[in-house]
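Okay, structure first, notes after.
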Amino acid sequence: MASMGLHEGRSDAELLKLAMAGEESAFVALYERLKSGIFRYAYYMTSSVTAAEEVTQEVFMSLLEKGSTYREERGDVAAFVFGIARNFVRRVRRRERIYWPLPEDDAVERLAASLILEPQSLQRNLARGEAVEQVRAAIASLPDHYAQVVILCDFCELSYADAAVRLACPVGTVRSRLNRAHNLLARKLKPMKSTETLPASGTEGCLI
Amino acid sequence: MNCQEFHSYFEERRERVSRNDSAEFAEHLAICGDCSRWLASQNRVRTSLDLLRQSAPGIPATLDAAVLASYRKRMGEPEATVSVGIWRMIFPASLRLGLAVAAMLLIAAVIFALRRPAVTTNNKPQVQLQPQVTTPVVDAKAPVPNHQNSVVVRKAHASTRGAPTTDKSVGTIASDIRGNSSPDGFRSLMYCDELSCGGAMDVVRIQLQPSEPGLLAAAQQSSNVVSADVLVGADGIARGIRIVR
Ligand SMILES: [Zn+2]
């Protein structure tokens with residue numbers, strides 16, 4: 001798929017229109033722009049490459065179907081596509097009941113101990129698949145609205161502002177959620193003595 | 001810098017933070033054990049997230065091909081949809097039903113001809129009726145067998161509510177057809193027994209071209225069009241036919 005150069009100057013919205021009109025190269029260019037973010041989001045949300053593939057494919061086909069309902073004034077195409085992706089991810093998770101098991105306390109304790117006692121082996125320990133899975137499990141154990149911001153900001157590498165658009169949240173809410181999520185992760189990976197209060201679990205006016 | 005400012009400073013920055021980042025920051029770290037521990041835990045989280053990010057699989061090579069194939073298929077679909085739509089416009093529902101009945105008649109007649117070659121009837125083999133079927137008319141008011149316990153006619157009209165629906169009645173008709181004796185003028189189109197001709201049947205009126213051999217006489221009695229009632233079972237297969245005079 002190499003149609004990027006041909007449409008380099010075009011906006012996502014223009015590409016979408018052309019793609020819907022049957023211009024394959026425009027579709028390919030749009031796909032190349034957006035696929036990585038969608039795939040990564042789906043992968044981290046489902047913890048499954050297969051599910052992420054399925055979601056990505058469904059998202060682009062759905063985009064062609066629903067593309068006519070896209071309104072530029074409501075946001076960029078990437079945000080529109082993210083909305084579709086989020087619905088598909090939810091569907092896949094419901095269907096396959098894909099979930100990350102809550103981290104076992106002793107596994108997290110072991111990881112935390114290794115990080116404290118052997119700081120020099122931090123890299124080595126975390127590089128191990130088991131350790132990575134434990135971190136993943138810790139993320140999965142977060143409330144959904146925290147996991148979403150972690151995945152968008154830390155893994156999909158969106159700015160706070162872009163994540164805010166995706167989630168229809170104020171930027172400040174995204175930032176505070178991310179910080180709370182990091183605090184929770186820090187606790188899960190190493191229980192802390194701090195008396196930080198648990199964050200509220202409301203939606204705070206956000207989509208999720 | 002106090003503790004709150006220390007936290008804010010860290011939270012504003014997406015990347016890992018060290019004591020070398022700012023003199024104020026380093027000063028507070030030196031005097032505040034809580035913030036020092038908190039910073040260590042936060043940096044550990046960021047390291048963990050980095051490693052998890054690095055461990056993520058790449059996009060499978062098959063995905064691109066699959067998405068492109070889906071796109072091409074999808075873009076090809078509208079043509080197919082249009083062609084189906086045109087086909088439906090050209091052949092309205094009534095005509096499609098007629099063709100279906102004609103096909104059923106043909107099959108039934110062939111089966112009948114093969115199974116009962118020795119039966120002598122007044123009519124030519126029904127196989128010749130089929131190709132000229134033009135406009136089928138499902139006529140609720142078509143004369144149905146007029147005896148009390150005859151065909152169970154299923155129609156949309158409420159007037160047929162009184163039609164008997166007992167197995168006995170169906171059996172009677174099936175028996176009649178089976179024996180090729182047709183008190184109601186229905187001629188068997190297939191081998192019938194309790195099993196194959198049981199159950200309720202529809203009477204479908206169709207119109208036939210009078211040019212068909214054997215239909216000329218009937219045509220001369222009325223107009224140029226010859227009508228026939230066809231008994232159709234619940235399975236859609238025609239069981240009997242009679243020319244409407
Ligand atoms: Zn402090």
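Here is how names work: the chains are called A, B, and so on, in the same order as the sequence lines, proteins then strands, and each is numbered from 1.
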Where do [X] and [Y] come nearest, in terms of heavy atoms and distance?
X         : Y         : result
Met75(B)  : Ala19(A)  : CE-O, 3.9 Å
Val67(B)  : Met61(A)  : O-CE, 3.7 Å
Val132(A) : Ser55(B)  : CG1-OG, 3.3 Å
Tyr71(B)  : Gly22(A)  : OH-C, 3.1 Å
Pro57(B)  : Tyr43(A)  : CD-CZ, 3.2 Å
Gln42(B)  : Asn183(A) : NE2-OD1, 2.7 Å

Exercise for review: In sequence, state the C-alpha distance, the side-chain angles, and the governing distance for Leu52(B) and Tyr44(A), and then conclude on side-chain contact (heavy atoms from CB on, under 4.5 Å).
Suggested key: CA-CA 10 Å; Leu52(B) 184 54; Tyr44(A) 285 110; 4.2 Å; yes

Point to revise | Validation row: Val49(A), Pro60(B) side chains within 4.5 angstrom (heavy atoms) | key: yes

Review point. Do the non-hydrogen side-chain atoms of Leu63(B) and Phe60(A) ever get within less than 4.5 Å of each other?
Key: no

[X] side, atom [atom1]; [Y] side, atom [atom2] - distance, nearest 0.5 Å:
X         : Y        : atom1 : atom2 : answer
Gln57(A)  : Thr62(B) : CD    : OG1   : 9.0 Å
Arg136(A) : Leu49(B) : CZ    : CG    : 12.0 Å
Asp64(B)  : Glu53(A) : CG    : CD    : 9.5 Å

Exercise for review: Measure distances from Phe155(A) to the heavy atoms of chain B and classify the residue's part below 4.5 Å as side chain, backbone, both or neither.
Suggested key: both

Check your understanding: Within the distance-only criterion (no hydrogens, no angle test), does the side chain of Arg53(B) pair as donor or acceptor with the backbone N or O of Asp154(A) below 3.5 angstrom?
Key -> yes

Point to revise | Largest heavy-atom contact set with chain B, pairs under 4.5 Å, which of Glu65(A), Arg40(A), Glu58(A) | key: Glu65(A)

